[in-house]
Amino acid sequence: MDLKFALDFLKDLSKHNHKEWMDANKKRYLEAKDHVIEFVQEVMDQVSSFDPAISSLEPKKTLFRFNRDIRFSKNIDPYKTNFGAFLVEGGKKSGLPGYYIHLQPGNSFIGGGIYQPSPETLQKVRQEIDYSGKDLQAILNSKQFAATYPTPHSTDRLKTAPKGYPKDHEFIELLQLKHYVYMKSVDDKTVTSGDFVKLITTDFKTLHPFNQFLLRALD
């Protein structure tokens, strides 16, 4: 596993983001992807010790597609300049909370939860917060969680209370969120260090109770 190789490939791709360059460097791309898949497998092996639901996943299927959808975008670059993977029971389209890995030179991050939940999922999560918001607050305010994930990843939230909830609800700030996601930035030195698997495992273990709360809401 050599994540430096993967980051170096991505750096070069960001300077030459077109099909001709990719065709000429396809071997490098496939080797970089193999390094990322190997890394994901090592992370899964460790994380499954406290979250066995992900133990049966195929590492390569946790990766997001590398080609960009440019049909409705002003940015016509055909390829992403990152490798992204989502470790979640049932696969990326399950709608369940999981663990996300984003590898990009100068902009890597890790974390998880549920991004862009369906209206039904969002309603269930808000209902669980209404019923058991103190449980979620205890998770988010715990010393380890607050130090690792101090604020929600997305600032996208409702300007007022969701329908059916009072504006002065005890947990209004949590109810207003449109995504339930927490992330942590990681510098390139950490990504390419020999301790990255250990560090990411610790941070995902910290995130685990949050994901379990979300799962409880969807049960």
Side-chain angles (χ1 to χ4, degrees), residues 3 7 10 36 39-40 43-44 47 50-51 53-54 62-65 68-69 73 75 80-126 128-129 133 135-162 171-188 190-191 196 199-218:
L3 292 185
L7 291 186
L10 292 172
V36 174
F39 163 71
V40 170
V43 172
M44 283 174 49
V47 174
F50 56 83
D51 194 345
I54 69 165
T62 70
L63 267 62
F64 289 92
R65 61 181 308 216
R68 295 183 63 251
D69 185 351
S73 175
N75 179 359
K80 297 177 182 177
T81 53
N82 69 82
F83 285 105
F86 192 44
L87 284 54
V88 56
E89 180 182 3
K92 298 190 296 293
K93 296 183 180 181
S94 68
L96 299 177
Y99 310 91
Y100 181 67
I101 301 169
H102 184 99
L103 301 177
Q104 182 176 7
N107 189 35
S108 296
F109 52 90
I110 61 172
I114 300 178
Y115 182 67
Q116 293 184 332
S118 67
E120 180 182 3
T121 294
L122 195 55
Q123 183 180 9
K124 288 181 177 180
V125 172
R126 286 171 174 163
E128 188 66 25
I129 292 172
D135 292 347
L136 179 55
Q137 266 195 340
I139 294 169
L140 302 180
N141 293 337
S142 66
K143 184 176 180 180
Q144 187 66 29
F145 194 100
T148 308
Y149 309 104
T151 59
H153 175 66
S154 174
T155 58
D156 190 15
R157 62 170 62 240
L158 297 175
K159 294 182 179 179
T160 187
F171 308 113
I172 188 61
E173 290 191 359
L174 294 172
L175 291 171
Q176 288 175 319
L177 293 173
K178 294 183 180 181
H179 315 279
Y180 289 88
V181 174
Y182 284 82
M183 295 289 181
K184 171 187 176 180
S185 296
V186 187
D187 60 35
D188 291 356
T190 301
V191 170
F196 190 37
L199 292 171
I200 200 172
T201 301
T202 299
D203 290 340
F204 281 173
K205 190 171 185 178
T206 299
L207 186 75
H208 181 56
F210 173 67
N211 278 347
Q212 290 300 107
F213 178 91
L214 297 176
L215 276 173
R216 190 174 83 193
L218 304 182

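The figures here come from the full heavy-atom set of this structure, side chains too, leaving out hydrogens, waters and symmetry mates. Residue indices begin at 1 and follow the sequence shown.
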Atom pair CG (Leu63) and CG (Leu87), whose distance is rounded to the nearest 0.5 Å: 9.5 Å
Answer yes when Arg216 and Asp135 have at least one side-chain N-carboxylate O distance shorter than 4.0 Å, and no when they do not. yes
Run the side chain to side chain contact (heavy atoms under 4.5 Å, CB included) check on Val43 and Phe196 step by step: do they pass? CA-CA 9 Å; Val43 172; Phe196 190 37; over 6 Å; no
Donor-acceptor pair, distance only, cut-off 3.5 Å: does the side chain of Arg126 make one with the backbone of Pro162? no
Please test Asp203 against Tyr149 for side chain to side chain donor-acceptor pair (under 3.5 Å), starting from the C-alpha separation and ending with a verdict. CA-CA 9 Å; Asp203 290 340; Tyr149 309 104; 5.1 Å; no
Lys/Arg N to Asp/Glu carboxylate O, Lys124 vs Glu128, below 4.0 Å: no
Per the side-chain contact (heavy atoms from CB on, under 4.5 Å) rule, which among Leu199, Val191, Leu103 passes with Val186? Val191
Any Leu174 side-chain heavy atom under 4.5 Å of Gln137 side chain: yes
Could you check whether any side-chain heavy atom of Leu215 comes within less than 4.5 Å of a side-chain heavy atom of Pro97, counting everything from C-beta outward? yes
Answer whether the closest heavy-atom distance between the side chains of Met183 and Ile110 falls below 4.5 Å. no
In Å, rounded to the nearest 0.5 Å, how long is the span from CG of Asn107 to CG of Asp187? 12.0 Å
Side chain proximity check, Ile200 to Val47, heavy atoms < 4.5 angstrom: no
Tell me, yes or no, whether the heavy-atom count around Lys80 atom NZ, taken from other residues, nucleotides or ligands under 6.0 Å, exceeds 12. yes
Check for me whether the distance between the ring centres of Phe210 and Tyr182 falls short of 6.0 Å. yes
Say you draw a straight line from OG1 of Thr206 to NZ of Lys184; how long is it, rounded to the nearest 0.5 Å? 8.5 Å
Evaluate the side-chain proximity of Thr121 to Tyr180: yes if any heavy-atom separation is below 4.5 Å, no if none is. no
Name the one of Thr148, Asp51, Ile101, Asn211 that satisfies side-chain contact (heavy atoms from CB on, under 4.5 Å) with Phe204? Ile101
For the rings on Tyr115 and His153, is their centre-to-centre separation under 6.0 Å? no
May I ask you to check if Lys92 and Phe64 form a cation-pi contact, with NZ or CZ under 6.0 angstrom from the six-membered ring centre and within 45° of the axis? yes
Considering only heavy atoms from C-beta outward, does the side chain of Leu177 approach that of Pro152 to under 4.5 Å? yes
Going from NE2 on His208 to CD1 on Ile139, what distance comes out if it is rounded to the nearest 0.5 angstrom? 10.0 Å
Crowding at CD, Gln176 (>12 non-hydrogen neighbours, <6.0 Å): yes
Which is it for His179 and Ile114 under the side chain to side chain contact (heavy atoms under 4.5 Å, CB included) test, yes or no, and what are the steps along the way? CA-CA 6 Å; His179 315 279; Ile114 300 178; over 6 Å; no
Looking at CG of Leu207 and CD of Gln144, how far apart are the two atoms once the value is rounded to the nearest 0.5 Å? 11.5 Å
Quick check for you: to the nearest 0.5 Å, what is the distance between Ser108 atom OG and Phe83 atom CZ? 11.5 Å
